[in-house]
Amino acid sequence: MSGARFLHGKNWKNMIRTDSRRQAGAGFEHMCLSLSLSLSLSHLLFISTFNIFNPEPEKLDLSFVGETCSKFLGKIIQYTKTMRIQLLSSLFLFSFCSYLYRVSSQPEHASFPPRGWNSYDSFCWIISEEDFLQSAGIISQRLKPYGYEYAVVDYLWYRKNVPGAYPDSLGFDVIDEWGRMIPDPDRWPSSKDGKGFTEVAKKVHGMGLKFGIHVMRGLSRQAYDANTLILDTTTGGAYEESGRQWRTKDIGIKERACAWMSHGFMSVNTKLGAGRAFLRSLYEQYAEWGVDFVKHDCVFGDDLDVDEITFVSEVLQKLNRPILYSLSPGTSVTPTMAKEISGLVNMYRVTGDDWDTWGDVAAHFDVSRDFAAANKIGAKGLLGRSWPDLDMLPLGWLTDQGSNRGPYRMSNLNLDEQKTQMTLWAMARSPLMFGGDFPCVTGTKGSTHKTTAHSQRSRRCLKEVGKSHAQFLGFTSCNHPKVNGWSIEALDQDLDQICWKENMGSHEPLCLYKQKPLLSSDERLIYNQGELHLLASDGMEFCLDASPRKKRTSKEFKSGSFSPCRSDANQMWELSNNGSLISSYSGLCATVKSIDANVGNSGGVRSWIATGRKGEIYVALFNLNSEKTVISARISDLTKALPGRNSKATSCHGREVWSGKDFGEIKDSISMEVEIHGCALFVLNCP
């Protein structure tokens, strides 16, 4: 009998101990599904469905993995084929045989946490057909044998990549006569003549993969403004009801615009037959294109729209091809919120965007605990199961959030942090969508991508100074006592800086570049003469927004964001005589928080424990501290944590996966010094 549970402790001495949250986390006995199917410890990168029938570990050929990747992938792969995790609750437990007995003609959706590749972390929105198919080819050759089956195009595949276009721009999208988004033919040439993604999907399917796309909520602002007719797919003509034809302005709800893309998309009224007809026409078109996976954005978390999620789920159930249904992002999501939608979908984000910072990684420990305690991992979903999604893995060759450029830099996570992220995602049974580009796999790709050129002028980073100190720009009430830290510094006769110097100590101040507003001649007559634009750099490209025009990351709350400078009250600022920087748009004041970048959102240590097919015990120990920490656990306590095990066992044979060290016979306790932000992963065989 196999089992798994989560242990959490902040004061570790000679045994694993749990803090006051132990009772709240007791439900982690139930973290790992009601199925006793085999799950590899690192389904994170290499596991396939057929592995559930293979009880023996395999040594896999890693010759294709470049030096950087192989350092942190190679060790875990040898153990990926043996581990399984079971629900311990007798209410849901049933045998592996019953799983094997399922009727194969009706496969369950998302029996395992879905795995694949998504273009967002490496290409943001500008990926082309050529780059996408090249990436899909690598997935097919290198990752498909281990269960990575989805190749997903992330957002704005319908946006023209031309000057002036960016994530929240208006008027650059390609729509059809019915107001539906279609691929930009310049970036996706095979989509011409009304083919949509049909040809791309065929090529992806020909590689043995499944094809996925990102879609936004409801209706685009561009389609709303165009006031197009709505397609009735049952007749092939315009939707008619009550003696008239219906248009997009009849169904769009402008007051419910996407919070982080207000110029992009809005909800539709699903109570209207026309609103339902519009949504139905979207998803039926995706099915016609050959789409296998839909990532539905701006309907969950802070933008929760249960009506749209419910109707889309109903449409997907009736299609003649299976489409996996995913929700994103998960800002402010709670298990209570997830309870309302988990049965309607197959995976759903439970955090903001995860990027390559330790703070983002550390933010996932508590949320993983909470969703496992709520028995949401592998719960009933759309035509199968649903999985809390910890977001993509930002490893390898990346771009920047919200940028107009492709992959150009390596992940900022160090090797130990990458190991920690991979191990947590695997133990928490999160879907695994690799987000990076593949130079570390091929050794060649990356230099040939056609991306938008950026200014070569000097830059200043607004979030990080050096390796150990970070500055975060945010907004608060102007009545706050710590908003008066701004002052002007002249660089030359043409350029001034506005810098925050309050409480910076010996660290370099955070500075913005001052510029007069970009206004038309009429607007110049009415704007406040004290107002100005604040730029991210001296390249004069991106200006500070008073409200977010991007998705939140896992660790962000009220932070600043930058987008291309334009005539917009959202970008107007005024520096008062008392040193406060006031937004003309919101009336809030800008402030700066300075923290040690080596310190995450939480410290201490965490652990997860599980058993394998042959009774072996897997123990993952995580060090969230900013110093090396010796973590120990008594064998007797580990066995007591697993119902049905010999609680009197005092010795085991053990090895640690990441180091490859064989500890031989371990008596009484396991113990290892774990690196800063690192982890240890033990495989124990106990009598």
Undergrad: Do Ile213 and Val152 touch side chain to side chain, with heavy atoms closer than 4.5 Å?
TA: no
Undergrad: Check whether the side chains of Ser119 and Asp154 place a donor and an acceptor atom closer than 3.5 Å, and report yes or no.
TA: no
Undergrad: Angle class for the Trp289/Tyr286 ring planes (parallel below 30°, perpendicular above 60°, tilted otherwise)?
TA: tilted
Undergrad: Side chains of Trp355 and Asp391: any donor to acceptor distance under 3.5 Å?
TA: no
Undergrad: For residues Ser128 and Arg187, is any side-chain donor paired with an opposing acceptor at under 3.5 Å?
TA: no
Undergrad: Can you see whether Thr331 engages Asp302 through a side-chain donor-acceptor pair at a distance of less than 3.5 angstrom?
TA: no
Undergrad: I'd like to know whether Arg217 forms a side chain to side chain contact (heavy atoms under 4.5 Å, CB included) with Asp303, so could you lay out the CA-CA distance, the side-chain angles of the two residues, the decisive distance to 0.1 Å, and finally the verdict.
TA: CA-CA 9 Å; Arg217 77 185 309 165; Asp303 287 291; 3.4 Å; yes
Undergrad: After noting the C-alpha distance and the side-chain angles of Ser267 and Asp305, does the key distance pass the side-chain hydrogen bond (donor to acceptor under 3.5 Å, both in side chains) rule?
TA: CA-CA 8 Å; Ser267 290; Asp305 190 335; 2.9 Å; yes
Undergrad: Do the side chain of Arg247 and the main chain of Asn227 share a donor and acceptor less than 3.5 angstrom apart?
TA: yes
Undergrad: Tell me if the centroids of the rings in Tyr155 and Tyr120 come within less than 6.0 Å of each other.
TA: yes
Undergrad: Test side chain to side chain contact (heavy atoms under 4.5 Å, CB included) on Val153 and His214 and set out the steps.
TA: CA-CA 6 Å; Val153 181; His214 173 289; over 6 Å; no
Undergrad: Verify the distance criterion only: is there a donor paired with an acceptor across the side chains of Gln222 and His263 at less than 3.5 Å?
TA: no
Undergrad: Aromatic contact between Trp117 and Tyr150, with the criterion being ring centroids under 6.0 Å apart: yes or no?
TA: no
Undergrad: If you define the side chain from C-beta out and look only at heavy atoms, does anything of Asn404 sit under 4.5 Å from Tyr166?
TA: yes
Undergrad: State whether a side-chain donor-acceptor pair under 3.5 Å links Asp292 with His205.
TA: yes
Undergrad: Is there side-chain contact between Asn412 and Arg409, with heavy atoms separated by less than 4.5 Å?
TA: yes
Undergrad: A side-chain contact here means heavy atoms from C-beta on lying under 4.5 Å apart; do Leu209 and Ser140 qualify?
TA: yes
Undergrad: Let's go through Phe293 and Ser326 carefully: what are the C-alpha distance in whole Å and the side-chain angles of both, what is the deciding distance for side chain to side chain contact (heavy atoms under 4.5 Å, CB included) to 0.1 Å, and is it a yes or a no?
TA: CA-CA 8 Å; Phe293 180 104; Ser326 169; 3.7 Å; yes
Undergrad: Do Asp354 and Gln421 meet the criterion of a side-chain donor-acceptor pair at a distance under 3.5 Å?
TA: yes
Undergrad: Taking C-beta and beyond as the side chain, do Glu149 and Lys210 meet within less than 4.5 Å on heavy atoms?
TA: yes
Undergrad: Take Ile309 and Glu340 through the test side chain to side chain contact (heavy atoms under 4.5 Å, CB included) and record every step on the way to the result.
TA: CA-CA 10 Å; Ile309 294 171; Glu340 194 170 11; over 6 Å; no
Undergrad: Run the salt bridge (Lys or Arg N to Asp or Glu O under 4.0 Å) test on Asp184 and Lys160 for me, step by step, so that the C-alpha distance in whole Å, both residues' side-chain angles and the decisive distance to 0.1 Å come before the verdict.
TA: CA-CA 6 Å; Asp184 169 26; Lys160 298 175 182 178; over 6 Å; no
Undergrad: Would you say the side chain of Met216 lies within less than 4.5 Å of the side chain of Tyr158, judging by non-hydrogen atoms?
TA: yes
Undergrad: So, the side chain of Asp356 versus the backbone of Pro394: is there a donor-acceptor pair under 3.5 Å, distance only?
TA: no
Undergrad: Using only atom types and a distance under 3.5 Å, with no angle test, would you say the side chain of Ser411 pairs donor to acceptor with the backbone of Leu395?
TA: no
Undergrad: Will you find, in the side chains of Glu241 and Tyr239, an N or O donor that is under 3.5 Å from an N or O acceptor?
TA: yes
Undergrad: Is it the case that the side chains of Ser191 and Glu199 hold a donor-acceptor pair, with the cut-off being a distance below 3.5 Å and no angle test?
TA: no
Undergrad: Any salt bridge (Lys or Arg N to Asp or Glu O under 4.0 Å) pairs touching residues 257-271, not counting sequence neighbours?
TA: Lys271-Asp307
Undergrad: Under the criterion side-chain hydrogen bond (donor to acceptor under 3.5 Å, both in side chains), I'd like the reasoning laid out for Thr228 against Glu177: C-alpha separation, chi angles, the key distance, then a yes or no.
TA: CA-CA 6 Å; Thr228 67; Glu177 62 180 309; over 6 Å; no
Undergrad: Compute both the distance and the angle, then confirm whether Arg385 meets the cation-pi test with Trp387: under 6.0 Å from the six-membered ring centre, within 45 degrees of the axis.
TA: no
Undergrad: Would you kindly say whether Ser281 and Glu284 are connected by a side-chain donor-acceptor distance under 3.5 Å?
TA: no
Undergrad: Would you confirm whether Arg221, through its side chain, and Met266, through its main-chain N or O, come within 3.5 Å as a donor-acceptor pair?
TA: no
Undergrad: With a 4.5 Å limit on heavy-atom distance, are the side chains of Phe434 and Asn118 in contact?
TA: no
Undergrad: CG/Leu143 to CD1/Ile138 distance, rounded to the nearest 0.5 angstrom?
TA: 9.0 Å
Undergrad: Looking at Lys249, I'd like to know if its NZ atom is crowded, meaning that more than 12 non-hydrogen atoms belonging to other residues, nucleotides or ligands lie closer than 6.0 Å.
TA: yes
Undergrad: For a quick check under 3.5 Å, do His364 and Thr351 share a side-chain donor-acceptor pair by atom type?
TA: yes
Undergrad: Quick one: does Arg280's side chain get under 4.5 Å of Ile230's, heavy atoms only?
TA: no
